[in-house]
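Naming convention: chains lettered A, B, ... in sequence-line order (proteins, then strands); numbering from 1 in each chain.
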Protein chains: 2
Amino acid sequence: MDYLLEALTKQLISVFGSILSPVSYKKGAVVQEGNSLGDSLFIVQSGLLRSYYFQNGTDITAHFAVPFGIVGAVDSILKQQRSIYWIEALQCSEVLQLYYGQMEAFLEDNPEYERVARQVLQMLYLDLVERFEGLMFLNAQERYMHFCRRYPDLIQNASLGHIASYLGMTQETLSRVRRSK
Amino acid sequence: MDYLLEALTKQLISVFGSILSPVSYKKGAVVQEGNSLGDSLFIVQSGLLRSYYFQNGTDITAHFAVPFGIVGAVDSILKQQRSIYWIEALQCSEVLQLYYGQMEAFLEDNPEYERVARQVLQMLYLDLVERFEGLMFLNAQERYMHFCRRYPDLIQNASLGHIASYLGMTQETLSRVRRSK
DNA sequence: ATGATTTTTTGATGTAGATCAAAGGGAATG
DNA sequence: CATTCCCTTTGATCTACATCAAAAAATCAT
């Protein structure tokens, strides 16, 4: 499943190469402000990014993006609204920025590449199904173990609080889960 | 949001009209067996369908489909595996069957319609985001109230157990939620 | 109808994880 | 080196919901 992601991302890069701009962010940099029209997707080449939003004042991690991953204000792009998501670099990172407007225009001219865009969306969808089922059926410990298998590199680079909110539990709970195993 | 769904479905019907087959199911009929290669999507014209799967022997409703809705074994279609989903008619229903293979072939020849397919997927995605956030942030009562607003017709036609599993709670809990308000 | 399933309700009890509160530990700042 | 700030851990308590069990109500079949 994960090498599938890699293959898809490479395809994405080769297809949209002409409209991708490489950008670097320092650790801690804000890549995209929330409450704005998030008009870009970011394809991660190195480093680590995180998207997050605020729910009753608390910071909730929506997504982590490691190399070959993609992050963006999907809500804004799909719904044409201001985005609730913020995006930040947790580590010094290199990304390829893909302006959504440019992508749409490009696809208008080259509909044969719509398929790639659709596949990216499919991947996002399947990813979300997995997380949904995790929330439905797995307890805190199981979700964390699953996460560790899925994002082994992330354990050292993301903070406890970020991971906890991503997994839908408090940081106290995650701390206890970690100790117990 | 819901008239958007309606518009999109109508577009889907007009685009893929030539490869859609109308089918009727009686109440209780199995539309698609689980553990098979789910090769179709169903566009609901009247009635009510449900997709479900088994998690440790218990029947979990994955999705309800009302008129203008779409239901199918998405996992199988996207992953090319046998599907875990069963689909049944909860009421006497009329649907338009769309064979996925035919759709792919059609899109191969008419890539300008890929966009519609992508939009359907986007809708599924946004739907799932909403359910995910419901599970994350809302309690049983809030999820049920949300559900009632979203699917007002469904309350009388789907059983307590079906709705409860869809919402990620036990039927006992849903029963108590109902009484309390 | 009458009995037999199936579905829903109600009650009693148990538990995972939230919440509240405070104490340690590290890393950065002057 | 001391101080501040942030992150993580630990403990005590509380609560929403699951689980188990059984009664009540509704639906179905003979």
Pairwise N/O distances under 3.5 Å, protein to nucleotides 20-29 of chain C:
from   : atom 1 : to     : atom 2 : distance (Å)
C:dC20 : N4     : A:E172 : OE2    : 3.2

Between CZ of B:R178 and P of C:dT8 the distance, given in whole Å, is 7 Å
Does the side chain of B:Y52 come within less than 4.5 Å of B:H63's, by heavy atoms?
no
Winner on side-chain proximity to A:S175, out of C:dT10, C:dG17, D:dT9, is D:dT9
Separation of C:dG17 atom C1' from A:R143 atom CZ, nearest Å, is 10 Å
Regarding the side chain of B:N139, the nearest nucleotide among C:dT9, D:dC17, C:dA18 is D:dC17
note: B:L167, atom CG; D:dA16, atom P; distance rounded to Å ~ 18 Å
Check your understanding: So does A:T173 get a side-chain nitrogen or oxygen closer than 4.0 Å to the phosphate oxygens (OP1/OP2) of C:dG17?
Key -> no
Subject >> Side chain to side chain, A:D59 and A:F54, heavy atoms closer than 4.5 Å >> reply: yes
When rounded to whole Å, the CE to C1' distance for the pair B:M169 and C:dT8 reads 16 Å
Between B:Q171 and A:G168, whichever has its closest DNA chain C nucleotide further toward 5' is B:Q171
Per nearest nucleotide of DNA chain D, the residue lying toward the 5' end, A:G161 or B:L138, is A:G161
Examine C:dA18: is either OP1 or OP2 under 4.0 Å from a nitrogen or oxygen in the side chain of A:T170? Give yes or no.
-> yes
Centres of the B:F16 and B:Y113 rings: under 6.0 Å?
-> no
Show, in sequence, the C-alpha distance, side-chain angles and deciding distance for A:L98 and A:Q102, and conclude whether the side chain to side chain contact (heavy atoms under 4.5 Å, CB included) test is met.
CA-CA 8 Å; A:L98 173 57; A:Q102 279 187 268; 5.7 Å; no
Atom CD of A:E142 and atom P of C:dA16 are separated, to the nearest Å, by 11 Å
In whole angstroms, the gap separating P of D:dC6 from NE2 of A:H162 amounts to 13 Å
Whole-Å distance, B:F137 CZ to C:dT19 P, equals 12 Å
Would B:R82 and B:E33 count as a salt bridge (Lys or Arg N to Asp or Glu O under 4.0 Å) here? Give the steps.
CA-CA 10 Å; B:R82 286 170 173 279; B:E33 299 252 340; over 6 Å; no
Side-chain atoms of A:L160 come closest, of D:dA18, D:dT8, C:dT8, to D:dT8
In whole angstroms, the gap separating P of D:dC7 from CG of A:N157 amounts to 15 Å
Non-hydrogen side-chain atoms of A:I70 and A:V44 separated by less than 4.5 Å
no
Closest non-hydrogen contact found for A:L12 with A:V116 is CD1-CG1, 3.7 Å
Give a yes/no on whether any side-chain N or O of A:S159 is located under 4.0 angstrom from OP1 or OP2 of D:dC7. no
